[in-house]
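One structure is given below, encoded as structure tokens.
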Amino acid sequence: MTLPDSAVVPDAAGPLVDAMAQLHKAAATLELPDGLHELLGSPRREMAVSIPLRRDDGSIAVYSGYRVQHNFTRGPAKGGLRYAPSVDLDEVRALAMWMTWKCALVDVPYGGAKGGVAIDPRTHSTAELERVTRRYTSEILPIIGPEVDIPAPDIGTDERTMAWIMDTYSVARGYTVTGIVTGKPLSLGGSQGRAMATSRGVAHIALLAMASRGIDPAHATAAVQGFGKVGYGAARFLAEAGVKVRAVSDVDGAVYAHDGLDIAHLAAHVERTGTVAGFDGAEAIDPASVLTLDVDVVVPAAVEGVLTEENAPKVQARIVVEGANGPTTGAADAILKERDVLVVPDILANAGGVVVSYFEWVQANQAYQWSEREVNDRLEERMARAWHDVVAHSGAHGMTYREAATVLAVERVVDAHRLRGLYP
Ligand code: GLU
């Protein structure tokens, strides 16, 4: 089967090429008709906006912003908002498509979306970020809503960003709309457990993967790329489960301790200095080496496309757990499969964030707050269910976990589509 001409087909390598190739494979396995394959490969709605910002020094700068709504078949579109200088439309399209599959795989009643602004939050003041966020929100306001498309944090954004979006949206509507975003501060209707949900899910899945390969956490070692929202918590929860986290990296450096890093002390160092670099009691290493260290489990928890044709042959870990979205390129995926390295795909491994986003939205709709215990228990239950679904499908059909996860997710979206029919 060839890719349909009118589906979005990028020419250069990148996350959208990988996302489209994954869909292509799933469509072939499911023997989807070309038209349906094309429908799933094309975002339902996209918006590109210019965001003018008055900088603190009085000058004006203009940034590109996007919101892509990939699919609405199973419910409102759902997905994060990313602030990074490298953001472009194809990246946002890929991330939106992955959100559709992720939500279907963990069976939350959402489609997929993603937003992005091509801005470096590290070189802007809080006041500037607030102005950019409010202007971006007002530009995309006609296409978002608690029953339409619900943003959440991603790279470069956080609960404060969500508070600004909620406020801007609510002011425009004339009343407070808590269900417009998830990942909000607790005092504005956020959920207990949301901040650590992605990491908790990553660690939970990593432990299930270790158990499936007969690895005892008490004797296991790990390396984590990224020490932000996902990487920090993943390192912490793995260390709490007895795993020696030998190395972590961030954009400024990487640190290594053979007997395991003290994650709490490292987090305090990062709190003070803004980076893992310079942490005492650990050796500085080349950040690029973190993915190929001699450890049992590697957790890429930063950005897309970091496991490539070049470094995949050097991966020594037996398990890769994708904390980030799209960290493994198609070429690297094939190499890791060949080398019998277990890759737990992003749409399964990092789905904890959107699962608790769903819980947050449910709580907002009910105007009722659940306990942290309740949230965490329900999260683990859903993650375990999705894990078992993927393992069973992979075993029954001789597929990799990524193939199995994508096929299961695509099939759920297709089933919903068939039941709804095509209008008109
Ligand atoms: N940005 C997160 C992700 O990639 C969370 C999305 C959400 O909670 O809507 O899964």
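Remember, it's 1-based here, ligands and their atoms both numbered in the order they're listed. Computation of the quantities below employed the complete heavy-atom set of this structure, encompassing side-chain atoms and omitting hydrogens, waters and symmetry-equivalent molecules.
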note = For atom 10 (O) of ligand 1, the closest protein heavy atom turns out to be Lys102 NZ, 2.7 Å
note = If you compare Ala152, Ala113, Gly353, Pro153 by their heavy atoms, the one closest to atom 2 (C) of ligand 1 turns out to be Pro153
message = Looking at Gly305, is its backbone amide N or carbonyl O close enough to the side chain of Thr329 to form a donor-acceptor pair, meaning the two atoms are under 3.5 Å apart?
response = no
request  = Could you tell me which atoms of ligand 1, counted from 1 in the order shown, lie closer than 4.0 angstrom to a heavy atom of Met99?
outcome  = 3 (C), 4 (O), 6 (C), 10 (O)
task = May I ask you to list the atoms of ligand 1 that are less than 4.0 angstrom from any heavy atom of Gly79?
result = 9 (O)
message = Could you check whether Arg93 makes a cation-pi contact with Trp98, meaning its NZ or CZ is under 6.0 Å from the centre of the six-membered ring and within 45° of the ring axis?
response = no
ask   = Where does Glu360 meet ligand 1, judged by heavy-atom distances below 4.0 Å: at the side chain, the backbone, both, or neither?
value = neither
inquiry  = What protein heavy atom lies closest to atom 5 (C) of ligand 1? Include the residue and the distance to one decimal.
reply    = Arg194 NH2, 3.7 Å
ask   = Is it the side chain (CB and beyond), the backbone, both or neither of Asn325 that lies under 4.0 Å from ligand 1, heavy atoms counted?
value = side chain
note = heavy-atom search around atom 1 (N) of ligand 1 in the protein gives Asp154 OD1, 2.8 Å
inquiry  = We want to know whether Thr157 and Arg82 form a side-chain donor-acceptor pair, criterion being a heavy-atom distance below 3.5 angstrom.
reply    = no
ask   = Who's the nearest protein heavy-atom neighbour of atom 9 (O) of ligand 1, and how far?
value = Lys78 NZ, 2.7 Å
Atom 8 (O) of ligand 1: nearest protein contact (heavy atom, Å) = Ser357 OG, 2.5 Å
task = Please confirm whether the backbone N or O of Arg418 pairs with a side-chain atom of Asp415, one donor and one acceptor, at under 3.5 Å?
result = no
query = Angle class for the His24/His37 ring planes (parallel below 30°, perpendicular above 60°, tilted otherwise)?
reply = parallel
key: Salt bridge present between Asp296 and Lys244 (N-O < 4.0 angstrom)   = no
inquiry  = For His393 and His397, I'd like to know if the aromatic rings sit close, meaning centre-to-centre distance below 6.0 Å.
reply    = yes
